[in-house]
Asker: 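Below are the structure tokens for one structure; questions will follow.
These numbers come from a predicted model, not from an experiment.
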Amino acid sequence: MTETLRSDARLGLRGRLILITLCGATFMTGLDYSIITVALPEIGRDLGFASASGLQWVATACLLPTAALMPLFGRASDTLGRRRLFIAGVLTFAAFSLLAGLAPTPGLLVAARAGQGVAAAMIGPTALALMTAAFPEGPRRTRALGVNGALLSLGFVIGTIGGGLITSGLNWRWTMLILFGIGVLVVAGAFAVVRESAARQRTRLDVPGALLAAAGLFALVYGISAGDGDGFVTPVILLAAAALLGAFLVVESRHPAPLVPLRLLRRRTVTWGMTIGLVTFGMCGGATLLLSIYMQDVLGWSPLRTGLGFLGEGVAALLAGTVAARLIGARGTAATIVLGLVVQAAGTAAMVLLPAQGGLPVLLATSAAMGFGHVLTVVAAITTITSGLDEADQGVAGSLAQLPTFVGAVGVAGLTAVVAARTEALVPVTTRVLATLGGLHAAFVVAGAVALLGAAAAALLPRRAPAARRLAA
């Protein structure tokens, strides 16, 4: 039986080439979000950014349009053609990466980063939809999603390491020029091996829904990202986001060809999968950011050494991507989600043992456990969201599966708030470094507890028969 499962999971030469091409695009967008972060100080000095808040827009300008436009492009891919929109997205991403690498002024760099964000919104849902179409539901699709999830996480880790190496040895501009080179290779692969996944639908695009969804998601992610800013403005932005998204649901319920059909949101597999994705992305993303603060502000490491400190998480993520398909095939998606969140929770909560000096083994072990559990959960959650759907809905499903990656920024905001509150409480009785460490410990415990609650909730997921049982039947 094990040999049968392995045989069914084999991708073949063409399947591998398709997977390399689509995962190359995913890896490229994951790399983009982290590689630029390490280079921000040099960018600020080189281009003469007036303030730290202005410099932060180099990162935020890419994130916001990606989150805001993903539902629109998810539906547009079903109308315009997924392969066509995917290639357009990668070409656009490559062009704006080249522009960012050559930008002579802060304004042009931020504009180019916004263009990369729009292109990433085109790439995310179409790459996932093309992948689910190329690999039928079952072991092969699960294996492909496992590799995709692992490379997305690995892209972040390599970005932190590569950003430090490139910035130290060459120039920050090469962080963008490398993305241009990857984009050119992905486009060549797309033209060579990727085929259109479905006939285009002749439907009228839901313009009011698209505007409301884009504005609501933009306000939501901006409000979360700016959570440490003005105490009055941020709640107003979040309330506006809630109102816009509420109006979006009303419009969708009445539109003959909605941007996101409400029947999808009523599916337990979709809503549970997105909820689990929000938990795992929010807690892992937040804890990863806090680990960076720990390594630099507590241990005093350089940005390059900090990037190398994430190697344990990256290697574990890659390993999880290779075993996720077998685990889902043997135990099912719900059991895999529970296991993944439990492992993520254990690794994150164990970070309370991180010391003020040394502690490299503890750092590598705990971050590896967190990364391993996170990727298991991500692969199982995406499998849950995309399973059992009509081919015509895979573009929209791809956008829904990607959204928790960005809305998960709420976890970053929440955990940094815990760090700030606990640190300020400890400052009067200890040193600033130890107070910061105490704040980080408190946030790691909270992140572990939330992931554990997610594991408990995942027990309510709709049960799908493991592949082994289906084959036996």
Side-chain angles (χ1 to χ4, degrees), residues 34 37 56 59 153 156-157 160 221 223-229 231 234 238 276-301 306 309-310 312-313 316 340-360 362-374 377 404-457:
S34 59
T37 304
Q56 188 58 38
S153 297
F156 172 83
V157 175
T160 58
V221 176
I224 293 170
S225 302
D228 57 350
T234 298
L238 293 177
I276 294 300
L278 184 62
V279 170
T280 187
F281 276 113
M283 295 305 100
C284 185
T288 299
L289 174 66
L290 298 185
L291 282 178
S292 179
I293 295 173
Y294 166 73
M295 286 184 267
Q296 295 187 71
D297 292 357
V298 176
L299 298 182
W301 288 4
T306 298
F310 286 110
E313 184 177 344
L341 284 175
V342 167
V343 173
Q344 179 180 331
T348 310
M351 290 174 187
V352 74
L353 302 175
L354 290 171
Q357 294 180 346
L360 181 61
V362 178
L363 172 65
L364 292 176
T366 55
S367 62
M370 179 182 72
F372 186 87
H374 170 65
T377 307
T405 309
F406 305 97
V407 182
V410 68
V412 177
L415 293 180
T416 49
V418 172
V419 173
R422 181 58 178 163
T423 299
E424 290 306 310
L426 292 175
V427 163
V429 296
T430 187
T431 66
R432 169 60 69 172
V433 170
L434 291 179
T436 300
L437 181 60
L440 292 170
H441 284 167
F444 289 138
V445 170
V446 170
V450 172
L452 194 60
L453 288 173

Asker: Taking side chain to side chain contact (heavy atoms under 4.5 Å, CB included) as the test, write out the residues that go with Val445, two or more places apart.
Answerer: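 If we apply the side chain to side chain contact (heavy atoms under 4.5 Å, CB included) test to Val445, skipping adjacent residues, the hits are Val352.
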Asker: Mind jotting down which residue pairs meet the salt bridge (Lys or Arg N to Asp or Glu O under 4.0 Å) criterion with at least one end in residues 346-356? Sequence neighbours excluded, please.
Answerer: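 Every candidate salt bridge (Lys or Arg N to Asp or Glu O under 4.0 Å) pair involving residues 346-356 fails, so no pair, neighbours aside, qualifies.
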Asker: Do any pairs count as a salt bridge (Lys or Arg N to Asp or Glu O under 4.0 Å) and have a residue in residues 276-296, sequence neighbours left out, and if so which ones?
Answerer: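 Every candidate salt bridge (Lys or Arg N to Asp or Glu O under 4.0 Å) pair involving residues 276-296 fails, so no pair, neighbours aside, qualifies.
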Asker: Any idea which heavy atoms bring Pro428 and Ala425 closest together, and the distance?
Answerer: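 Heavy atoms of Pro428 and Ala425 come nearest at CD-O, 3.5 Å.
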Asker: Sequence neighbours left out, what passes side chain to side chain contact (heavy atoms under 4.5 Å, CB included) with Val419? Give chain and number order.
Answerer: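 Only Leu290, Thr423, Leu440, Ala443 meet the side chain to side chain contact (heavy atoms under 4.5 Å, CB included) criterion with Val419.
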Asker: Roughly how far, to the nearest 0.5 Å, is the OG1 atom of Thr288 from the CZ atom of Phe281?
Answerer: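 OG1 of Thr288 is found 11.0 Å from CZ of Phe281.
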Asker: Sequence neighbours left out, what pairs pass salt bridge (Lys or Arg N to Asp or Glu O under 4.0 Å) with at least one residue falling in residues 434-444?
Answerer: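 Not a single pair qualifies under salt bridge (Lys or Arg N to Asp or Glu O under 4.0 Å).
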Asker: Quick one: closest heavy-atom pair of Cys284 and Glu313, and the distance?
Answerer: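 For Cys284 and Glu313, the tightest heavy-atom pair comes out as SG-OE2, 4.0 Å.
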Asker: Side chain of Tyr294, backbone of Thr436: donor and acceptor closer than 3.5 Å?
Answerer: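 Between the backbone of Thr436 and the side chain of Tyr294 there is no qualifying donor-acceptor contact (under 3.5 Å).
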Asker: Let's go through Leu341 and Ile276 carefully: what are the C-alpha distance in whole Å and the side-chain angles of both, what is the deciding distance for side chain to side chain contact (heavy atoms under 4.5 Å, CB included) to 0.1 Å, and is it a yes or a no?
Answerer: CA-CA 9 Å; Leu341 284 175; Ile276 294 300; 4.1 Å; yes
Asker: Run the side chain to side chain contact (heavy atoms under 4.5 Å, CB included) test against Ser292 and tell me which residues pass, sequence neighbours left out.
Answerer: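 Per chain and number, Ser292 pairs via side chain to side chain contact (heavy atoms under 4.5 Å, CB included) with Gln296, Thr306, Phe310.
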Asker: How many angstroms lie between CE in Met283 and CG in Leu452, if you round to the nearest 0.5 Å?
Answerer: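 One gets 13.0 Å once the value is rounded to the nearest 0.5 Å.
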Asker: If a pair satisfies salt bridge (Lys or Arg N to Asp or Glu O under 4.0 Å) and one of its residues is in residues 437-448, list it, with sequence neighbours excluded.
Answerer: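 Those involving residues 437-448 do not exist here.
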Asker: Of all the heavy-atom pairs spanning Ala447 and Leu415, show the shortest one and how long it is.
Answerer: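 Minimum heavy-atom contact is CB-CD1, 3.8 Å.
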Asker: Would a 4.5 Å heavy-atom cut-off, applied to side chains only, mark Leu437 and Leu426 as touching?
Answerer: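 A side-chain contact under 4.5 Å is absent here.
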Asker: Under the side chain to side chain donor-acceptor pair (under 3.5 Å) rule, what pairs show up with a residue in residues 437-449, not counting sequence neighbours?
Answerer: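 Counting only pairs at least two positions apart or across chains, no side chain to side chain donor-acceptor pair (under 3.5 Å) contact touches residues 437-449.
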Asker: Show the nearest heavy-atom pair for residues Ala451 and Ala345, with the distance to one decimal.
Answerer: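 For Ala451 versus Ala345, the nearest heavy atoms are CB-CB, 3.7 Å.
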Asker: Tell me which donor-acceptor pairs under 3.5 Å the side chains of residues 362-372 have, and how far apart each pair is, sequence neighbours excluded?
Answerer:
from   : atom 1 : to     : atom 2 : distance (Å)
Thr366 : OG1    : Val362 : O      : 2.7
Thr366 : OG1    : Leu363 : O      : 3.3
Ser367 : OG     : Leu363 : O      : 2.7
Ser367 : OG     : Leu364 : O      : 3.3

Asker: Among residues at least two apart in sequence or on other chains, which ones pass side-chain hydrogen bond (donor to acceptor under 3.5 Å, both in side chains) with Thr348?
Answerer: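 None.
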